[in-house]
Amino acid sequence: QVQLVESGGGLVQSGGSLRLSCAASGRTFSTLAVGWFRQAPGKEREFVAGLSTTGGSTRYADSVKGRFTISRDGAETTVYLQMDSLKPEDTAVYYCATRPTVVSTIPALYNTWGQGTQVAVSS
C-alpha cells in the first residue's frame, strides 16, 4: 500500500509559480497513475492534472492547460506539479492521489490520497 505526502504549497502573488511534490512511500509509482486534484472552500474536488503509467501520457484540466506541468522523477518515487502563471482562482487545497495505470478525472476512482497542501494566490 502506497502512502502519499504532498508538499510545496504556500502563498504567492498572481503570476507567480509554485512546484508541488507528491512523495510516495511503501512502493513506487511505477504501476500507478497519479492525479492532482484541488478543492476550494465550498466547491467540489476537481481534477487538475494526471500522469498515466502507459507511455507516461499526461492529461490536464482546460483551466490549467499551458500553465501547469505534471512530471515524475526517474526513481518513480515523486511526482511534481509545476504551476506557472498562477491566478487567484487557483487558490485551493491540492491533493495527489493514485489509481491503477490510467488517469481518470473522477476522484472516486482513486483509492489512495495524500493529506493535501494549501495553495493561496493573491491578486
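In this chain, numbering begins with 1 at the start of the sequence shown.
Atoms CG and OG1, on Asp73 and Thr78 in that order, are 4.5 Å from each other to the nearest 0.5 Å. Here the CD atom belonging to Gln13 is positioned 9.5 Å from the OG atom belonging to Ser123, to the nearest 0.5 angstrom. Taken to the nearest 0.5 Å, the CZ atom of Arg19 stands 11.5 Å off from the CE atom of Met83. If you take CG on Leu86 and OG on Ser122, they are separated by 10.0 Å, rounding to the nearest 0.5 Å. For the atom pair CZ of Phe47 and CH2 of Trp36, the computed distance is 12.5 Å after rounding to the nearest 0.5 Å.
For the residue pair Tyr110 and Arg99, no side-chain donor N or O sits within less than 3.5 Å of a side-chain acceptor on the partner. Judged by distance alone, the side chains of Thr112 and Gln1 do bring a donor and an acceptor atom under 3.5 Å apart.
There is a path of hydrophobic side-chain contacts, each under 4.5 Å, that joins Leu18 to Tyr60. In terms of hydrophobic clustering, with Ile, Leu, Val, Met, Phe, Trp and Tyr side chains grouped at heavy-atom distances under 4.5 Å, Val103 and Val79 are assigned to different clusters. There is no path of hydrophobic side-chain contacts, each under 4.5 Å, that joins Tyr80 to Ile70.
Between Thr105 and Pro107 the shortest heavy-atom distance is O-CD, 3.4 Å. Here the closest heavy-atom approach between residue Ser17 and residue Asp84 is recorded as OG-OD1, 2.7 Å. Leu109 and Ser104 make their closest contact through CD1-OG, 3.3 Å (heavy atoms, listed as atom of the first residue, atom of the second, distance). Nearest heavy atom pair, residue Val34 against residue Cys96, reads CG1-CB, 4.5 Å.
Among the candidates Leu20, Leu81, Val64, the single residue satisfying the side-chain contact (heavy atoms from CB on, under 4.5 Å) test with Arg38 is Val64.
Trp113 and Phe37 have tilted rings, their planes meeting at an angle from 30° to 60° on a 0 to 90° scale.
Using a 4.0 Å cut-off between a side-chain N of Lys or Arg and a carboxylate O of Asp or Glu, Asp62 and Lys65 qualify as a salt bridge.
Remark: Arg72 fails to qualify as a cation-pi partner of Phe29 under the 6.0 Å distance and 45° angle criteria applied to the six-membered ring.
In this structure the side chain of Leu32 reaches within 4.5 angstrom of the side chain of Arg27, judged on heavy atoms.
In this structure, Thr53 contributes its side chain and Thr101 its backbone to a donor-acceptor pair below 3.5 Å. Ser14 contributes no side-chain N or O that, together with a main-chain N or O of Pro88, makes up a donor-acceptor pair within less than 3.5 Å.
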Show your working on side-chain contact (heavy atoms from CB on, under 4.5 Å) between Arg67 and Asp90 and close with a plain yes or no. CA-CA 11 Å; Arg67 299 188 298 122; Asp90 295 317; 2.8 Å; yes
Between side-chain atoms of residues 114-121 and protein atoms elsewhere (two or more places apart, or another chain), which donor-acceptor pairs fall under 3.5 Å?
unit_1, atom_1, unit_2, atom_2, d
Gln115, NE2, Glu6, O, 3.2
Thr117, OG1, Gly9, N, 3.1
Gln118, NE2, Ala92, O, 3.3

